[in-house]
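Heads up: the structure comes next, in structure tokens.
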Amino acid sequence: MKTEMARSRMERFSLAERVSHWLVAISFVYAGLSGTALWSKAMWWTAGVLGGGEMIRAWHPIAGVIFSLLLARLFWMWNRAMRLDAQDREWLKVGHKYAMHMEEGVPESGRFNAGQKSLFWLQSTSATLLFASGIVLWFPELMPRTLRLMAVLVHPIAALASLGGIIVHIYMSTLVVPGAFTAMTRGWVSPEWAKSHHPKWYRETSK
Amino acid sequence: MQTVAKLIDTTQCIGCKACEVACQEWNDQEFTLGTFNNSYQTMPDLAPNFWNLIKFNEAEQNGAQSWLMAKYQCMHCADAGCIKACPAPGAIIQRANGIVDFEHDACIGCGYCITGCPFDVPRLSSKTKKVYKCSLCSDRVAVGLEPACIKSCPTNCLSFGTRHDLKFLAEKRVSELKSDGFENAAIYDGPGVGGTNVLYVLKHGDKPEQYGLPKDPRIPWTVSLWKGPVKWLGNLVFFGGLFTALVHFLAIGPKEHKHED
């Protein structure tokens with residue numbers, strides 16, 4: 001049985017996709033932890049964990065740029081597959097049914113479902129805002145006051161939007177959908193998994 | 001402890017710049033050579049190593065050119081925007097006597113204080129990666145001396161004392177000016193930031209902009225929003241997200257994919 005399964009593994013994410021995803025994740029965690037220290041005195045202890053205040057002041061923006069570049073690479077690879085179609089919009093209307101694991105009335109998904117697509121656009125948008133406002137905050141002495149006054153508001157709000165999405169993302173991929181985590185680490189899923197979670201994608205790839 | 005303050009009676013400033021030199025000397029600043037740009041002003045602006053600048057503001061009065069000189073430095077606000085914006089614990093402290101002081105060992109050089117300051121005073125040094133501004137000579141005040149700028153002033157322009165006493169002195173000076181025909185003479189002390197510990201007497205109190213001072217200084221609203229409601233939004237996103245995930249996991253749990261038997 002096991003060998004039969006192994007033979008029928010389907011590639012879900014290529015090595016390039018997985019490497020990019022995990023580098024994005026690592027830089028996100030660093031930028032996120034150092035960012036919360038800069039965000040709230042209650043979270044200042046993370047600065048200590050990461051080498052002190054001057055250290056995170058120097059490295060948070062650099063991690064942010066690395067994060068942005070890697071995310072741009074993911075964007076380049078995925079943006080076509082992530083476009084929402086009419087069925088996806090139907091899916092979003094009955095998103096609560098998906099969350100309750102009800103299958104009736106939830107449109108079938110392709111390679112990515114509408115929830116994943118939404119997360120992709122949420123992260124792309126917030127990363128763009130974080131990058132733009134982050135550059136302003138990086139060099140306060142060179143930036144006009146009006147821009148800085150906007151950036152101090154845009155940067156944390158975009159970061160919170162991103163964080164909110166990531167909490168859902170991590171929860172879903174580790175605890176809600178068995179097999180999703182392996183898909184991103186080892187790169188494959190079983191045909192049953194594909195049929196169950198992404199039937200349109202299953203049919204297209206197994207043609 | 002009484003709140004200390006500095007009074008700047010702009011009507012008595014002669015632009016001698018003795019206070020600038022005294023500030024540089026006492027605080028042991030190396031001087032940066034500037035360029036001449038059609039002004040008697042020493043420097044175009046404050047700098048990390050230049051904390052006290054006499055602005056030679058030019059204004060026209062009755063068809064004649066006149067100078068509205070104004071000493072420009074940290075205002076030592078009661079409700080200080082720099083402290084509100086600063087993320088590093090202990091980097092900016094408000095002393096019991098009201099002095100707002102930068103502790104450079106704790107400063108991480110993020111520059112948020114520059115954005116939080118309604119008067120645009122702190123300056124980031126690219127050399128040391130720390131932010132600098134007037135300390136109201138807290139080291140001198142601590143041992144009972146007056147700040148260096150006050151000590152050097154040859155006219156009665158600058159005074160140092162308790163805020164209470166100086167406010168009284170300023171009111172007296174304003175009423176003198178009023179009886180001299182300057183009807184708009186007024187005290188400038190930033191009520192919008194809970195009062196500043198640097199007080200001005202302005203001949204044209206209705207137009208502080210002419211002196212290079214903001215009309216109604218307040219902590220910028222984006223900074224207040226960032227450090228107030230947005231923080232609560234953050235708590236909501238973080239703890240709300242975790243809580244929702246927990247409840248979802250306990251109530252609904254993992255998805256199981258269909259097995260085709």
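Note: hydrogens, waters and symmetry copies are ignored here, and every other heavy atom, side chains too, is used. The chains referred to below are lettered A, B, ... by the order of the sequence lines, with proteins before strands, and numbering in each begins at 1.
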Donor-acceptor pairs are to be reported for all side-chain atoms of residues 152-159 of chain A against protein atoms at under 3.5 Å, with residues two or more places apart or in another chain.
unit_1: H155(A); atom_1: ND1; unit_2: L130(A); atom_2: O; d: 3.3
unit_1: H155(A); atom_1: ND1; unit_2: S133(A); atom_2: OG; d: 2.9

* Asked: Is chain B contacted by the side chain of A161(A), its backbone, both, or neither, given a heavy-atom distance below 4.5 Å?
  -> neither
* Can we say K130(B) and E54(A) salt-bridge, meaning some charged N sits less than 4.0 Å from an Asp/Glu carboxylate O? -> yes
* Can you tell me if CH2 on W44(A) sees more than 12 non-hydrogen neighbours from other groups inside 6.0 Å? -> yes
* Structure fact -> Hits for side chain to side chain donor-acceptor pair (under 3.5 Å) against E141(A), two or more places apart or cross-chain, chain-then-number order -> none
* Asked: Given side chains that start at C-beta, do those of Y171(A) and H248(B) come closer than 4.5 Å, heavy atoms only?
  -> yes
* If you count the non-hydrogen atoms of other residues, nucleotides and ligands that lie under 6.0 Å from CE in M100(A), is the total more than 12? -> no
* Going by residue number, which parts of residues 35-45 of chain B are within reach of chain A, meaning a heavy-atom gap below 4.5 Å? -> none
* Taking every non-hydrogen atom, the tightest pair across W39(A) and K231(B) -> O-CE, 3.3 Å
* Return yes when atom NZ of K127(B) has more than 12 non-hydrogen atoms of other residues, nucleotides or ligands closer than 6.0 Å, and no otherwise. => no
* **Considering all heavy atoms, the nearest R57(A)-I108(B) contact** => CG-O, 3.0 Å
* To do: May I have the step-by-step check of side-chain contact (heavy atoms from CB on, under 4.5 Å) for M150(A) and T222(B), ending in yes or no?
  => CA-CA 7 Å; M150(A) 281 161 55; T222(B) 58; 5.8 Å; no
* Structural part of L137(A) lying under 4.5 Å from a heavy atom of chain B -> both
* **Best-contacting candidate, G241(B), P220(B), G240(B), C110(B), against chain A by heavy atom pairs under 4.5 angstrom** => C110(B)
* Is the closest side-chain heavy-atom distance between V176(A) and P254(B) below 4.5 Å? -> no
* Structure fact -> Between L160(A) and V230(B) the two heavy atoms that sit nearest each other are CD1-O, 3.8 Å
* Decide yes or no for H197(A) and K255(B): does some side-chain heavy atom of the first lie under 4.5 Å from some side-chain heavy atom of the second? => yes
* Region of Y112(B) that comes under 4.5 Å of a non-hydrogen atom in chain A -> side chain
* Please flag which part of C117(B) lies under 4.5 Å from any non-hydrogen atom of chain A: side chain, backbone, both or neither. => backbone
* Asked: Considering all heavy atoms of both residues, which atom of G111(B) and which atom of P140(A) are nearest to each other, and what is their separation?
  -> CA-CG, 4.0 Å
* Would you please name every residue forming a salt bridge (Lys or Arg N to Asp or Glu O under 4.0 Å) with E204(A), sequence neighbours left out? => none
* Over all atoms of both residues, closest heavy-atom pair of R145(A) and D120(B) -> NH1-OD1, 4.4 Å
* How far does CG of L124(B) sit from CG of L142(A), to the nearest 0.5 angstrom? -> 9.0 Å
* Would you mind reporting whether I114(B) and R148(A) have side-chain heavy atoms less than 4.5 Å apart? => yes
* Residue K227(B) versus chain A: region with a heavy atom under 4.5 Å -> side chain
